[in-house]
Amino acid sequence: MRLERRMDEKYFPEKIEEKWQKHWEEAGAFAVERDDQRTPFYCLEMLPYPSGFLHMGHVRNYSIGDALSWYKRLQGFNVLHPIGWDSFGQPAEQAAIKRGINPRDWTEENIKHMRGQLKRMGVSYDWRREIAAHTPEYYKWDQWFFLKMYERRLAYRRMSQVNWCPKEETVLSNEQSSGGVCWRCGSPVVKKDIEQWFFRITDYAEQLLEEMKEIEAGWPERVLTMQRNWIGRSTGAFVDFAIKDTDAQVRVFTTRIDTIYGANAIVVAAEHPLLTELLEDSQLKTDVMRFVEYVKASARNRMTFDEEEVEKEGINTGLIAINPFSGEALPVWVGNYVLMEYGTGAVMSVPAHDERDYEFAQKHSLPIRRVIERISHEQKAIDHDPGRADQSTAMETAFTDYGILVNSGDWSGKLSEDAIALMTRFAEEKGFGEEAITYRLRDWGVSRQRFWGAPIPIIYCAACGTVPVPEKDLPVRLPDHADFTGTGESPLAGVAEFVNTTCPKCGEAARRETDTMDTFVDSSWYFFRYCDPHNDAAPFDKEKIAYWTPVSQYIGGIDHAVMHLLYTRFWTKVMRDIGLISFDEPVKRLMTQGMVTNLVEGTNEWKRMSKSLGNGVDPDDMIAAYGADAVRLFVLFAAPPENELRWQETGIEGAVRFLRRIYGMVWRWHERLSDASQRESAPAAEEFSTEARALRRKTHQTIQRITEDFEELHLNTSVAALMGSEARWPKADEELARKEELEIPVQVNGKLRSRIHATPDTPEDELRASALADDKIRSFTDGHEIVKVIVVPQRLVNIVVR
RNA sequence: GCCGAGGUGGUGUAAUUGGCAGCCACGCAGGUCUUAGAAGCCUGUGCCGCGAGGCGUGCGGGUUCGAGUCCCGCCCUCGGCACCA
């Protein structure tokens, strides 16, 4: 810290903070450029949505990032520490709908205010690199990437469901349709199929899983687990069942082909295409279709109500499938528990060895045949009646473990593991199946029927069909105005000068796509743009990117563990495949901070701060009352960064007290200190008194400890150990940090009884001797036989007596 | 149900990874200064006991000279996913 000639005696945070913030701004203190002589460090915090006000979660996020940035900067790294705005999205549009405010004006007003708040917090950003998603300079490149995706067939259009209010004829988001009713008019929300754009993230499912090993060391296990679950890889087999008296067949996915001799039915999802194809002439058609409609309708309600277990219902279609292994005829059912979106939308039902199938079979009186026996007594014994084919009365639950095959023709006697491999190969050889890997992950739907987002750069021409906007015509700009009624189609559809255009191919009149992109598109690559924020020829310069990225440390909320972080990993891999970058993973280290909670008034519950609960704390008020430094210090100190942080105002008071003490100390000594800083060389050890040497030792020990803590982002313990700071990050001198004299605990039978003093290099036998000679110790050892003495040099002595 | 992370004072937490359990704070109690209060500052503060001492890291066992830390078996809390075949 550079010490000014004139210092106030008392600690006035706003005065000090204002002075330094002004100084940093004028000096461009945090502006950085690529410098091949220096090692880069990219410290990134999740960019905020400009809602209008910073909240405590932001304060925590940026305080952690700023502490790390300072630490790395003082160590000599070239630190890139940028900020920007995730400035597209729903709230701006709602302000437009509710209050008639232009979304752009609303957004930019908010940014202006929040930028001021960040500056008042004193976060060390390179403000020249600030970006905002809603500016044409930025979303032009969203559109450019969309075109690249389209070229590579990673962007495609298909029918997909949205929440739809039939009264207002408008698309609703999940939040707008919570409880199954429209947020505005209260009408029941229905599902509607419309054409929407998707990114083929499923093409990258395997890489998203596989390349996790590159980041395993730097990401929280929790986040990786959540992503693994989300991707949901499952290996098994496809098996084709021919439908009797037709040319058709139904394909099922199973992880347990070894149980196929126990199949009692084929169950398909309500949406399965087979139903409309094959039931044309069936007498059962009406009944089946009525059931299908019933299932679709109740699925809709379940989306929003989140019920518990749903009863397994089904209906027999009258169709007969042939088990390709046994030749057995099986009925084909429609079941409400089979999902069209997963696997093939059809399953073979094996009630003896699958709980869901068991439940279904019991409910509909289908036979149950056991085909797997336990191989060890540790597996649960399940009653069954070997004398009968049908076990539906004997078996009380399904047996889902691996075991040994029975009642399975030539396969009987094999172990499940072996049978799975052999039977899969057999199916493949005979041409009625193959090994299969399925994923839970679905393609990324990016269409939004909204105004406030990046327009999708596609034109529909009657003659040429779907035509991408040529790169030279980017950006496709959002119009300045639209009608924000909140009803009808996407607001862009009502802006004639936007919609009506000419086809880039044939020049005839054509229409633009009126959907805009999901805001997760903006946040998938924003931190690459920070490295080259004003480039108008490309999303960024490859060389600059190669210097700064991947991100050294990313910090943000756990709520983005799956979507944002999975999308940005996907985006990175696509950028790699396009040739823009040469690595697989965008973020080397990730830290997910915990929530900031506060007591909810009238209860003793700690809940995340929110407007609706009325337990929010305004950072501005806190900064005004205690100063930014105290607020930031408290936030770092109060809990480990990944834990929940319980807001306690008395805690900030503690932080202020600490700062005041430090300030007072510096004030008392500042003249002496500035003299000392003039000296050419460090003073020799002899110049110090014993007390001064002890103080210097303590300082170096503290530096050592904080250095270790910072590397692991253990900021709470850093603060606990903190004493002072200097101009550059000091390197701890191990020699100076070493203790001159140690206090060595002496135990008798593992219980602490006394302490002896010794220098660090005291040899073992000397320690043993002084421990045994200690009066206090002798009162415990006298009259006992000494069995053993354990001496850990510099640590402890333990005497074992009998 | 499956997966993951955790259980340490009145509270938030700490413990150089097997070596003095409770650092640093909050809170509380006492003292000092003050006409009084606030703010400072000083002292104390795991529990039981006047004391010597005993007991203490969710519970029960084990390994070890020594366990908050390692092993086995339970219990509880939080988070994620969940009819995923």
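Computed over heavy atoms, backbone and side chain alike; hydrogens, waters and symmetry mates excluded. Below, chains carry the letters A, B, ... as their sequence lines are ordered, and counting in each starts from 1.
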query: Do side-chain atoms of A:Asn336 reach the backbone of A:Val295 as a donor and acceptor pair under 3.5 angstrom?
result: no
Separation of atom CD in A:Glu644 from atom P in B:G7, rounded to whole Å: 15 Å
- prompt: Looking at B:C65, B:A85, B:C3, which one has an atom nearest to any side-chain atom of A:Val800?
  reply: B:C65
- prompt: Can a cation-pi geometry be assigned to A:Lys312 and A:Phe360, taking NZ or CZ under 6.0 Å from the six-membered ring centre and within 45° of the ring axis?
  reply: no
query: How would you label the contact of A:Phe637 with the nucleic acid (heavy atoms, under 4.0 Å): base, sugar-phosphate, or nothing?
result: base
task: Would you mind classifying the nucleic acid contact of A:Arg753 as base, sugar-phosphate or nothing, using non-hydrogen atoms under 4.0 angstrom?
output: sugar-phosphate
message: Checking the side chain of A:Tyr358 only, and the main-chain atoms of A:Glu396 only, is there a donor and an acceptor separated by less than 3.5 Å?
response: yes
task: Look at the side chain of A:Asn229 and the base of B:C81, then say whether one donor and one acceptor between them are separated by less than 3.5 Å.
output: no
- request: Please report the closest heavy-atom contact between A:Gln593 and A:Ile64, naming both atoms and the distance.
  value: CB-CD1, 4.1 Å
- prompt: Contact class for A:Gly654 (heavy atom, under 4.0 Å): base, sugar-phosphate, or nothing?
  reply: sugar-phosphate
message: Under 4.0 Å from OP1 or OP2 of B:A25: is there any side-chain N or O of A:Arg661 that close?
response: yes
- request: State which of B:G19, B:C3, B:A85 makes the closest approach to the side chain of A:Thr225.
  value: B:C3
task: For A:Thr699 and A:Thr702, test the side chains for any donor-to-acceptor distance below 3.5 angstrom and give the result as yes or no.
output: no
message: Between A:Glu328 and A:Tyr261, is the side-chain contact (heavy atoms from CB on, under 4.5 Å) condition met? List the steps.
response: CA-CA 9 Å; A:Glu328 195 181 358; A:Tyr261 280 77; over 6 Å; no
message: What's A:Gln747 touching, base or sugar-phosphate or nothing? Going by heavy atoms closer than 4.0 Å.
response: base
message: I want to verify a distance call: between B:G79, B:G12, B:G40, whose nearest atom is closest to the A:Arg660 side chain?
response: B:G40
query: Contact class for A:Pro640 vs. all strands (heavy atom < 4.0 Å): base, sugar-phosphate, or nothing?
result: sugar-phosphate
task: For nucleotides B:C74 and B:G68, find the distance between their P atoms and express it as a whole number of Å.
output: 23 Å
query: What heavy-atom pair brings A:Val267 and A:Ser349 nearest, and what distance separates the two atoms?
result: CG2-CB, 3.9 Å
- prompt: If you look at every strand shown and take non-hydrogen atoms under 4.0 Å, does A:Arg222 touch a base, only sugar-phosphate, or nothing?
  reply: sugar-phosphate
- line: Ranking B:A85, B:C24, B:G4 by distance to the side chain of A:Ala720, first place goes to B:C24
- request: Ignoring the backbone of A:Arg657, work out which of B:A85, B:G19, B:G40 is nearest its side chain.
  value: B:G40
- prompt: Where does B:U57 land, syn or anti, once you apply the within-90°-of-0 test for syn?
  reply: anti
- line: With the side chain defined as heavy atoms from C-beta on, A:Val338 is closest, among B:A85, B:G19, B:A14, to B:A85
task: Identify, between A:Phe780 and A:Gln648, the residue whose nearest nucleotide on RNA chain B lies closer to the 5' end.
output: A:Gln648
query: Are A:Tyr337 and B:A85 close enough that a side-chain N or O sits under 4.0 Å from OP1 or OP2?
result: no
query: Nearest of B:A39, B:A25, B:A14 to any side-chain atom of A:Asn716?
result: B:A14
query: Do you see a donor-acceptor pair shorter than 3.5 Å between the side chains of A:Tyr294 and A:Glu313?
result: yes
- line: Here RNA chain B, pairs taken as Watson-Crick or G-U under 3.5 Å and shown with ( ), [ ] when crossing and | when to another strand, reads (((((((..(((......[....)))((((((.......))))))(((....)))..(((((..]....))))))))))))....
- prompt: Do A:Phe520 and A:Trp444 make the cut of ring centroids closer than 6.0 angstrom?
  reply: no
query: Is B:G9 syn or is it anti, if syn means the base angle is within 90 degrees of 0?
result: syn
message: If you only use heavy atoms from C-beta on, which nucleotide in B:C81, B:G19, B:G54 is closest to the side chain of A:Arg440?
response: B:C81
- prompt: Which one, B:C55, B:G12, B:G19, comes nearest to the side chain of A:Lys751?
  reply: B:C55
message: Does A:Asp357 reach a base, just sugar-phosphate, or nothing at all? Heavy atoms under 4.0 Å.
response: nothing
field: Proximal nucleotide (of B:C65, B:C83, B:A85) relative to the A:Lys788 side chain
entry: B:C65
